[in-house]
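Note sheet for the following structure.
To find a chain, count down the sequence lines: A is the first, B the second, and so on, and within it residues start at 1.
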Number of protein chains: 2
Amino acid sequence: MLESKKKQRRGEVTRDKILKTALRLFSEKGYDKVTVDEIVKKTGTSKGSFYQHFSAKSDIFLVRFTEVDNYYLEVFHSFPEDMDPFEKLFIFTQKLMRFLEEEMGKDLMKVIYSSSLNSKEHTYFLNSNRSLFQIIFTLLEEAKDQGSIGTDQCVEVISTMVTQSLMGIIYHWGIHDSDQSLESLSIPLMKTILVGLKMKNKKQD
Amino acid sequence: MLESKKKQRRGEVTRDKILKTALRLFSEKGYDKVTVDEIVKKTGTSKGSFYQHFSAKSDIFLVRFTEVDNYYLEVFHSFPEDMDPFEKLFIFTQKLMRFLEEEMGKDLMKVIYSSSLNSKEHTYFLNSNRSLFQIIFTLLEEAKDQGSIGTDQCVEVISTMVTQSLMGIIYHWGIHDSDQSLESLSIPLMKTILVGLKMKNKKQD
DNA sequence: CTATCAACTAGACTACAGTCTGTTTTTAAT
DNA sequence: ATTAAAAACAGACTGTAGTCTAGTTGATAG
């Protein structure tokens, strides 16, 4: 009954404490105004503990970022059966963008995008991208089955295109200081691609 | 006559020596296997000199990266007058991708993309992007004048879409280990967008 | 109950980018 | 030529992420 907390290993408690404290500090002062030393001091632990549970400072954000996976699936399963797959895909990407900006935040996204370029590991990010890719793939396959895709390229290639676009939109947003929302910044490109996918190779006449 | 070298300021000589040595070391051992201390030691200078001429270690790559600007313009001016603007744009992006992979290299591109996310300065990159944007803008304006764009969105927005896509393609390539060339990885998305731009809002019939 | 071993913790230590301060060299003005 | 200001330079110093090693705790097996 109360076991859930009692049985929690000593290490898990420490890990949670570090995670929560770090995230709070990051959101209060910004990621690069917070040092690992400050985190462990405020947590009453030590560097040794920190790196026992996390592989790097950025790992804190990475762990938080894995929550998107759940959100992906939640949105994916919320669509009515009979909805047009292209519409599903469009709505999916819009909700994703909104979620990333509002729940994750730009600071986090920049750290994720930056650290993924550096480390050879960045397992979380690639995994998240795999599950994102999987959902996009499923939706596009559905579209293909219905014959609404106007190109004979395989779904894998098309899914990659969509992934590339999403990354580009996010990256572009990350390096610019626009007051527009990520969601609104993503609309033109996403719409254009979807049009392009429907039309491709079907010369208009 | 020989003045060009003689009159070169002492500082310029040092700067050049550091730049060349650093680039050589980066290409020999990889960017993050080279330390600034090693660079200045091999150059026979000092940290003070290094940071007199460069604002950061990554600045070395940033300086090299500015060469793309010349290449942009060179390609841009090489197109025959009467070529279809969409074709120009497509060829332009393909040549750009090939250039970035072959002349700049993945190591450099990753550093550029990563450091642009961190610093608040990254002037070079944003400048290069501005001149890239300018060329894309010009080509798309040409297309719009010819009435070959099937949407009434302003050219600014459309240019942003293309920029987002290019960044996404490059970023995606940066974090994955594919044996395909950047150029070939970029073809599907670029083609789809161009189709989408031609078609958008023109319901087929 | 004790021994063993793995998970965990502490904090000193290392590596390295970037800063700071003081010195030397160059340039420019008088 | 003298001198003042600016540019260039040297290298010691600082800040911080991440490592290493030695010690502690707690679970499990005998």
Side chains of A:S128 and A:S131, donor plus acceptor under 3.5 Å: no
Residue pair A:S181 / A:E183, side-chain donor-acceptor N/O under 3.5 Å: no
Cationic tip of A:K33 above A:F26 ring, under 6.0 Å, 45° of axis: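 A:K33 over A:F26 ring: no.
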Aromatic A:Y31 / basic A:K110 pairing, under 6.0 angstrom, 45° off normal: no
Within the 6.0 Å centroid threshold, strictly below: A:F125 and A:Y113: yes
B:F65 ring center within less than 6.0 Å of B:F61 ring center: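 No: the rings miss the under 6.0 Å criterion.
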Sequence-distant partners of B:E74, salt bridge (Lys or Arg N to Asp or Glu O under 4.0 Å), two or more places apart: none
Strand contacts (DNA chain C) in residues 44-57 of chain B, 4.0 angstrom heavy-atom criterion: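 Here the set is B:K47, B:Y51, B:A56, B:K57.
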Residue-level proximity of residues 21-37 of chain A to DNA chain C when a heavy atom falls under 4.0 Å: none
Along DNA chain D, first and last positions that approach a heavy atom of chain B under 4.0 Å: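 Here the contact window of chain B covers D:dA7 to D:dG11.
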Using whole Å, report how far [atom1] of [X] lies from [atom2] of [N].
X	N	atom1	atom2	value
B:N118	C:dA17	CG	P	15 Å
B:E12	C:dT26	CD	C1'	14 Å
B:I60	C:dA17	CD1	C1'	13 Å

Ring pair (Phe, Tyr, Trp, His ring centres under 6.0 Å) involving B:F137 - partner list, sequence neighbours excluded: none
Distance in Å, A:K17 NZ paired with A:I39 CD1, rounded so as to fall on 0.5 Å steps: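 Spacing of NZ (A:K17) from CD1 (A:I39) equals 14.0 Å.
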Going by atom type alone, with no hydrogens or angles, which donor-acceptor pairs under 3.5 Å involve a side-chain atom of residues 82-93 of chain B and a protein atom two or more places apart or on another chain?
| unit_1 | atom_1 | unit_2 | atom_2 | d |
| --- | --- | --- | --- | --- |
| B:D84 | OD2 | B:E87 | N | 3.2 |
| B:K88 | NZ | B:E142 | OE1 | 3.4 |
| B:K88 | NZ | B:E142 | OE2 | 2.9 |
| B:T93 | OG1 | B:L89 | O | 3.3 |
| B:T93 | OG1 | B:F90 | O | 2.8 |

